[in-house]
Amino acid sequence: MKRYLHSLFEKASSRLEYLKDLTLHFEIPPNADFGDLSCNAALLLSKKLKRNPRALAEEILSNLEIDKSIIFKAEIAGPGFINFFYTPAYANGIIKKILLGGDSFGRTNKFEGKRANVEFVSANPTGPLTVGHGRNAVCGDTIANLLEWVGYKVDREYYFNNAGRQMRVLGDSVRLRYLELLGDEIQFPDDYYQGEYIKEIAEDLKREYGDSLRDEPAEGKFKNKAEQEIFADIEKTLSSIGIKFALFYNENTLYQDKKIENLLTRLKEKNLSYEKDGAVWLKFSELGNEQDKVIVKSTGEPTYRLPDIAYHITKFERNYDLIIDLFGSDHNATYPDVVAGLQALGYDTTKMKVLIHQFVTIVENGEIVKMSTRKANYITLDELVNEAKADVVRYFFNMRNISSHMNFDLALAKKQSDENPVFYLQYAHARICSILKMVSEQKLIASTDNLHLLNTEVELQLVKKLHQFSEEILKSALQYEIHHICVYLEELASIFHKFYTFCRILGAEKDLAEARLALAGAVKIVIKNGLNVLGVNAPETM
RNA sequence: GCGCCCAUAGCUCAAUUGGAUAGAGCAAUAGCCUUCUAAGCUAUAGGUUAGUGGUUCGAGUCCACUUGGGCGUACCA
């Protein structure tokens, strides 16, 4: 429909000069009295042309050659909006399109042939994933889904580091717990990993090797075993909420492949780095950032910025058209340096999109739970999934704008209460499935032959809501804002539940029943496809 | 101190490049199951969009300041 309206304005612009360099926006008005689509062109132009907006609207409207079979009414309202009203015949056409499109209705090929890389989670294997990681995991996966729905070929990627101080401490934590199991007296430092899982890993080692690891260094079997077991758990947790990564990129390979070394050379050649106090510094201040930062410590060890830049270079070398990083807000100070570095080296950073999500505040019994992997003070994602079900967890994280600070009330999540609207959506889907089962025993078959019989208020509303789905997908994908899908689905389900209450199928006259059946079938497809994007199941019964 | 993010109904959150009467769910109150699943529907109530000023035809949205919170601000990642 928007395409049609654009073409109308296109034609009119041959007579009205001022329409030529205007980017038109059609939006869905807040109120049905204002039509199905609304255009604020006159309001925008009135400022530029210094003319009365309503008069401008009159002039524009009289120059539009509207096809009455598509739009039966177009009128000026309020300060100068032009409101368009669809004919029911046009509106009903969407039902056929949806039934025809089926599982892929809503997909577009806008970005066909393009490749995207979405990096998310990227937690180092030092402990189980927490509820805090859940938001990153779910949102990242859903963004990847959305990109696939608009045509991208998407690689989900997990970046991790199994070297460095954190991992040394991890290995030594396991070593101490192992010695403890052998009966040694140990001093377990406060800043070591306190979690029970460390003891479990130590037990596994004892079972496997007996006491033969007494003189094993922390960074040998202890660290390796820890990494291996923790990573296995992380993958299992992710898989329990339907997330599977195509690629795991280990920071170590950057050293093995000499990418760090090469990067240092390039930075030096470009005169972007210098030595001071025995360390290597990068001239971030010259690149527009706050201050110069150390990239190689005086000990010879790189800081995280250097491998981060090297890592992103590999993404550019792998020729992605779109590179997405999803981080928690604790990274908001680090990514500008990485971007600046890449840009200085000549990479097209407009291909990159860094998304920052705000933290989840865990609330239990009215108190805020502070989480720390080190102190073993956390609630794992596993616990949450076990108690609240994967669908609830996914929906909960999907339904909020990632830039909003969200509270997660554990008690509520565990209760599986109506607080979580995912049931509302799933219930709508289950109700439709139930109807379909019923009618198959009768002699009713969904038909699009008599859609004009769908003429009650709620039926028309439902049809018009269906029109918006494809656009919601596209808009959400372009803005990387997944919560729009949830808002849309809740609105759709709400109208459907009204329809279910007021528009009976069984018992209605045959032609009407079959038309309503077609409408219900279309709603089922859209709800299922929407939930599919969110990674949430659409159950047939509840 | 400085930087980024945030503040909307009792609670959790929406609000389409700045647009029309700020909307949902939960909680509350009052109704609706002999008829396709009541995890549903209907109705009522709930707001100085943290505060003050500014920009303009028009501000929850943009700007300035104030207040309150989150995250950063390392030769940690």
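Lettering of chains follows the sequences in order, A, B, ..., and the numbering in each one begins at 1.
Using cut-offs of 30° and 60° on the angle between ring planes, the pair A:Phe160 and A:Phe231 is perpendicular. Aromatic ring pairs are classed by plane angle as parallel below 30°, tilted from 30° to 60° and perpendicular above 60°; the pair A:Phe248 and A:Tyr158 is tilted. Ring geometry for A:Tyr159 versus A:Tyr249: interplanar angle of 30 to 60°, hence tilted.
Both distances falling under 3.5 Å, in either a Watson-Crick or a G-U wobble arrangement, place B:rA64 opposite B:rU52. As the counterpart of B:rG72, B:rC2 is assigned, both hydrogen-bonding distances of the Watson-Crick or G-U wobble pattern falling under 3.5 Å. Across all strands shown, B:rC57 forms a Watson-Crick or G-U wobble pair with B:rG19, both key distances being under 3.5 Å. Base pairing of B:rC36 is not made with any nucleotide, judged by Watson-Crick or G-U wobble geometry with both donor-acceptor distances under 3.5 Å. With a cut-off of 3.5 Å on both pairing distances, the Watson-Crick or G-U wobble partner of B:rA28 is B:rU44.
Stacking between A:Phe81 and B:rG19 is absent: the aromatic ring centre is not both under 5.5 angstrom from the base six-membered ring centre and within 30 degrees in plane angle. The aromatic ring of A:Phe359 does not sit over the base of B:rG70, since the test of centres under 5.5 Å and planes under 30° is not met.
The shortest distance between side-chain heavy atoms of A:Glu59 and A:Leu45 does not fall below 4.5 Å.
Within the 4.0 Å cut-off from OP1 or OP2 of B:rA15, at least one side-chain nitrogen or oxygen of A:His484 is found. Within the structure, every side-chain polar atom (N or O) of A:Lys475 is placed at least 4.0 Å from both OP1 and OP2 of B:rU17. The side chain of A:Arg516 places no N or O atom within less than 4.0 Å of a non-bridging phosphate oxygen (OP1 or OP2) of B:rC36. The side chain of A:Lys498 places an N or O atom within less than 4.0 Å of a non-bridging phosphate oxygen (OP1 or OP2) of B:rU42. Put simply, A:Tyr424 has a side-chain N or O that comes within less than 4.0 Å of OP1 or OP2 on B:rC41. Side-chain N/O atoms of A:Thr361 include none lying less than 4.0 angstrom from OP1 or OP2 on B:rC6.
Salt bridge present: A:Lys2 and A:Glu471 bring a charged side-chain N and a carboxylate O closer than 4.0 Å. Taking a cutoff of 4.0 Å between a charged side-chain nitrogen and a carboxylate oxygen, A:Glu157 and A:Lys315 do not qualify as a salt bridge.
For the pair A:Cys503 and A:Thr299, both in contact range of RNA chain B, the more 5′-proximal nearest nucleotide belongs to A:Cys503.
For A:Leu478, the CG atom sits in a packed shell: over 12 heavy atoms of surrounding residues, nucleotides or ligands are nearer than 6.0 Å.
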Might you list the N or O atoms of the protein lying below 3.5 Å from N or O atoms in nucleotides 55-61 of chain B, with each pair's distance?
from: B:rG58; atom 1: O6; to: A:Lys47; atom 2: NZ; distance (Å): 3.2

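A:Asp409 comes within 4.0 angstrom of nothing in the nucleic acid, heavy atoms only.
Going from atom CG of A:Asp292 over to atom P of B:rA74 covers 13 Å, rounded to whole Å.
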